[in-house]
Engineer: 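Here it is, the structure, as structure tokens.
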Amino acid sequence: MELLADYSRFVVYAGTVIDGIGVLIVIAGAVFATGNFLIHGRGQWRNAYQGYRQDLGRAILLGLEFLVAGDIIRTVAVEPTLQKVFVLGIIVVIRTFLSTALELELNGKWPWQMSKS
């Protein structure tokens, strides 16, 4: 039983670390995007603003991927009760909707649409 308790603690810790990485990615991306906007945006605010939104959106998308991974690890790997899996499903649906909306906002097309070359 000791081994199972150690495994559970490790999985919870790993999920929390992955969540933390996701949060750090969002924060670092926001700082980078803001700095880039302020440095390169002088006199070209309209173009710089579009780039700012894209940089910030990319950071949010990548951070969301890590947050979903952390949720999956903590929810399913430790004690996958029906209630926890249901809550995880709702969280994944919400984050998938946010990711899809951000992708549409950034690229002007749905993620499954082919790029026009």
Side-chain angles (χ1 to χ4, degrees):
M1 276 327 230
E2 179 85 20
L3 184 60
L4 185 59
D6 289 341
Y7 171 76
S8 294
R9 276 192 295 261
F10 172 76
V11 169
V12 169
Y13 178 74
T16 303
V17 168
I18 292 172
D19 276 348
I21 292 169
V23 170
L24 288 175
I25 288 171
V26 173
I27 291 169
V31 169
F32 171 78
T34 302
N36 196 26
F37 173 72
L38 293 174
I39 291 169
H40 299 293
R42 294 186 177 162
Q44 302 173 2
W45 293 110
R46 188 166 286 167
N47 291 337
Y49 177 70
Q50 184 67 23
Y52 177 62
R53 289 183 69 200
Q54 288 181 340
D55 290 344
L56 188 58
R58 286 186 192 105
I60 292 170
L61 280 173
L62 184 59
L64 279 174
E65 295 296 330
F66 276 87
L67 291 169
V68 168
D71 285 341
I72 290 170
I73 289 170
R74 275 194 321 279
T75 302
V76 177
V78 176
E79 193 178 328
T81 65
L82 189 58
Q83 182 180 2
K84 286 183 178 182
V85 171
F86 180 71
V87 170
L88 175 66
I90 291 172
I91 290 169
V92 169
V93 166
I94 291 169
R95 290 188 176 161
T96 301
F97 172 76
L98 288 173
S99 295
T100 304
L102 280 169
E103 185 77 27
L104 178 63
E105 180 74 24
L106 289 174
N107 298 322
K109 62 180 172 44
W110 295 104
W112 54 85
Q113 288 179 319
M114 298 291 287
S115 62
K116 297 176 183 176
S117 301

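The first residue in the sequence is number 1, and the count goes up from there. Worth saying up front: this structure is predicted, and the values here are computed from it rather than measured.
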Engineer: Hydrophobic cluster membership, with links at side-chain heavy-atom distances under 4.5 Å among I/L/V/M/F/W/Y: are Val26 and Phe32 in one?
Structural biologist: no
Engineer: Do the ring planes of Tyr52 and Phe37 sit parallel (below 30°), tilted (30 to 60°) or perpendicular (above 60°)?
Structural biologist: tilted
Engineer: Please report the shortest heavy-atom distance between Ala30 and Ala59, naming the atom on each side.
Structural biologist: N-CB, 4.5 Å
Engineer: Provide the closest heavy-atom pair for Ala33 versus Asp55 in the form atom of the first, atom of the second, distance.
Structural biologist: CB-CB, 3.6 Å
Engineer: Mind listing the closest non-hydrogen atom pair of Asp19 and Phe66 along with its distance?
Structural biologist: OD1-O, 4.1 Å
Engineer: Please give the remaining members of the hydrophobic cluster of Val87, linking ILVMFWY side chains under 4.5 Å, ordered by chain and number.
Structural biologist: Ile91
Engineer: Do Val85 and Ile72 belong to the same hydrophobic cluster, where Ile, Leu, Val, Met, Phe, Trp and Tyr are linked whenever their side-chain heavy atoms lie under 4.5 Å apart, directly or via other members?
Structural biologist: no
Engineer: Do Leu98 and Leu61 have side chains that get closer than 4.5 Å, going by heavy atoms?
Structural biologist: no
Engineer: Minimum heavy-atom separation for Val11 to Arg74, with atom names?
Structural biologist: O-CG, 4.2 Å
Engineer: Hey, quick one: are Leu24 and Leu62 part of the same hydrophobic cluster, counting side-chain heavy atoms closer than 4.5 Å, chains of contacts allowed?
Structural biologist: no
Engineer: Can you tell me how far apart CG (Leu88) and CZ (Arg95) are? Round to the nearest 0.5 Å.
Structural biologist: 9.0 Å
Engineer: How far does CD1 of Ile39 sit from OG1 of Thr34, to the nearest 0.5 angstrom?
Structural biologist: 10.5 Å
Engineer: Can you tell me how far apart CD1 (Ile18) and CG (Leu67) are? Round to the nearest 0.5 Å.
Structural biologist: 10.5 Å
Engineer: Can you hop from Leu64 to Ile90 via hydrophobic side chains spaced under 4.5 Å?
Structural biologist: yes
